[in-house]
Number of protein chains: 2
Amino acid sequence: MDPTTRMIAAAEHLFDRHGYTATGIDRLTEAAEMSSRTLYKRAGSKAQLMAQVLEARDRRFMAGIEVRSVDALFAALEAWMQAEGTRGCLFLRSRAETGGETPEIAEAVAAHKARFHRRIGEIVAADLGQEDSALTEQVLVLFEGATHAAVYRGAEAVTAARAAAGLLVEGVRA
Amino acid sequence: MDPTTRMIAAAEHLFDRHGYTATGIDRLTEAAEMSSRTLYKRAGSKAQLMAQVLEARDRRFMAGIEVRSVDALFAALEAWMQAEGTRGCLFLRSRAETGGETPEIAEAVAAHKARFHRRIGEIVAADLGQEDSALTEQVLVLFEGATHAAVYRGAEAVTAARAAAGLLVEGVRA
DNA sequence: CCACATGTAAACCGATCGTTTTACATTGCA
DNA sequence: TGCAATGTAAAACGATCGGTTTACATGTGG
């Protein structure tokens, strides 16, 4: 396994479970099995490491929601949660934790959320046969809501979001 | 203004904007205009201070959603955001930031979310004339989704959630 | 007048922060 | 054989962390 890949994977795991600020360089180097000197050579800085983590996560997440219907979108969310757990959105969390004052992180989050919004629009369009910005916004809200409500409501939140989205799509189609 | 109230208000402001971990005791004492000795006498510890912040926020938030219809609930959310900004849910954020490993915080968050879920159920029941756990879950997801989507989508997220909730309520009523 | 509670500023505790540097080992290539 | 790259472990950087303590100022009530 490529050292850089290993470093990013280890960092994602720690940042996701213990938070960005609370995770120190020592724990990162230990988990990545490399010295701090090597980590800094590959990552640049802690903030840049987080940005690389977010970029990798964005690619994995977007690959997971390559679907053509709203229902499949929520099925994909369920699968994502099964594999990755329910700790909310790492992008929003890391942005909030740094108060939006860490440029590398703020930019990675903004880029991801823009891509995410665009993708939802494409899925809605594929499902309906035409674009619908209002329905897109509603599906996005349901997705974000399921992600965060699942932290304390569990899988039921995704089920509810999926059902609600189905009704809303049906309402527009009729 | 009561020193304890001033302390909690100052702490809420800092924690909300810069994160729990990133906010040091020095900045808290400065904002609260008291020595660290007094702060520790009143707060106990940083984690207990955060718990007190969350309890105060819970009271203010719950008072803000004392409504009897789903539509009024989202109107209240809009008002809350106008007054408090759109930085997501401080409860979920602080819990995630500490990895759920800080008991005072984890307990305050769990208590708030339980109250929140119960309240949504009451609002749905008042609106419909009877309880509906499925609709309750959907409204909760929409509320949580609007809260978090508004961070990057703005007020449009609340508008979408409100419209979606209206349609779902109408669907159940029919 | 004295005792007490309550506050302050500031030093101090050991630990950890992100980051750089030092000194040395290993490896592949000319 | 020897140089350059790449890695390591570990020390050191100044700063800051959460938390405690010391020494002193205040006002209040017996």
Side-chain angles (χ1 to χ4, degrees), chain A residues 1-54 93-108, chain B residues 1-54 93-108:
Chain A
M1 191 182 193
D2 171 48
T4 297
T5 307
R6 171 160 41 89
M7 172 187 75
I8 291 177
E12 179 177 1
H13 188 268
L14 289 172
F15 286 149
D16 186 36
R17 274 164 182 77
H18 308 292
Y20 170 71
T21 312
T23 303
I25 297 290
D26 285 4
R27 261 191 285 184
L28 289 166
T29 57
E30 193 185 350
E33 300 176 67
M34 58 177 60
S35 68
S36 66
R37 196 174 196 269
T38 303
L39 184 139
Y40 270 91
K41 212 147 194 222
R42 295 187 180 263
S45 70
K46 192 189 179 188
Q48 285 172 59
L49 174 57
M50 179 48 123
Q52 289 177 57
V53 163
L54 293 177
R93 279 192 281 142
S94 56
R95 205 194 96 120
E97 216 185 310
T98 54
E101 291 153 10
T102 308
E104 299 97 322
I105 296 177
E107 282 160 23
Chain B
M1 192 181 190
D2 172 49
T4 297
T5 308
R6 173 160 38 90
M7 173 186 75
I8 291 177
E12 180 178 359
H13 188 267
L14 288 172
F15 286 150
D16 186 36
R17 275 164 180 76
H18 308 292
Y20 170 71
T21 311
T23 303
I25 298 291
D26 286 3
R27 259 190 286 185
L28 289 167
T29 58
E30 192 186 349
E33 299 176 69
M34 58 178 60
S35 68
S36 67
R37 198 173 194 268
T38 303
L39 184 139
Y40 270 93
K41 211 147 195 220
R42 295 189 180 261
S45 68
K46 191 190 180 186
Q48 285 173 59
L49 173 58
M50 179 48 124
Q52 290 177 54
V53 163
L54 293 178
R93 276 192 283 142
S94 56
R95 204 193 97 119
E97 213 184 313
T98 55
E101 291 152 11
T102 308
E104 300 97 323
I105 295 176
E107 283 160 22

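In what follows, every chain begins at residue 1, and chains take the letters A, B, ... in the order their sequences are listed.
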Exercise. Is the backbone of A:Met7 close enough, under 3.5 Å, to the side chain of A:Arg42 for a donor and an acceptor to pair up by distance?
Worked result: no
For this session: Check whether any side-chain heavy atom of B:Ile8 lies under 4.5 Å from a side-chain heavy atom of B:Thr5, and answer yes or no.
Result: no
Exercise. Would you call A:Gln52 and A:Glu104 a side-chain contact if the rule is heavy atoms closer than 4.5 Å?
Worked result: no
Seminar exercise, completed: Which of D:dA9, C:dT19, D:dG19 is nearest the side chain of B:Tyr40? It is D:dG19
Seminar exercise, completed: Between CE of A:Met34 and C1' of D:dA10 the distance, given in whole Å, is 17 Å
Exercise. With sugar-phosphate meaning primed atoms plus P, OP1 and OP2, does A:Thr23 contact a base, only sugar-phosphate, or nothing at under 4.0 Å between heavy atoms?
Worked result: sugar-phosphate
Exercise. When all nucleic acid strands are considered with a 4.0 Å heavy-atom cut-off, which category describes B:Ser45: base, sugar-phosphate, or nothing?
Worked result: sugar-phosphate
Seminar exercise, completed: To the nearest angstrom, the CG-C1' distance between A:Leu28 and C:dG18 comes to 11 Å
Exercise. Rounded to whole angstrom units, what separation is found between the CG atom of A:Leu39 and the C1' atom of D:dT8?
Worked result: 14 Å
For this session: Look at the side chain of B:Thr38 and the base of C:dT6, then say whether one donor and one acceptor between them are separated by less than 3.5 Å.
Result: no
Seminar exercise, completed: Whole-Å distance, B:Phe15 CZ to D:dG18 P, equals 8 Å
Exercise. Nearest to the side chain of A:Arg42 - D:dG7, D:dG19, C:dG7?
Worked result: D:dG7
Problem set entry | Presence of A:Arg37 side-chain N/O under 4.0 Å of C:dT22 phosphate oxygens OP1/OP2 | no
For this session: Mind calculating the distance between CG (B:Asp26) and C1' (C:dC12) to the nearest angstrom?
Result: 13 Å
Seminar exercise, completed: Whole-Å distance, B:Lys41 NZ to D:dT21 C1', equals 13 Å
For this session: Take atom CD1 of B:Ile25 and atom C1' of C:dT8, then tell me their distance rounded to the nearest Å.
Result: 17 Å
Problem set entry | A:Lys46 NZ/CZ over A:Tyr20 ring centroid, <6.0 Å and within 45° of normal | yes
Exercise. If every non-hydrogen atom of B:Ser94 is compared with every non-hydrogen atom of B:Met50, which pair is closest and at what distance?
Worked result: CB-CE, 3.5 Å
Exercise. What's the NZ-C1' distance between A:Lys46 and C:dT19, to the nearest Å?
Worked result: 12 Å
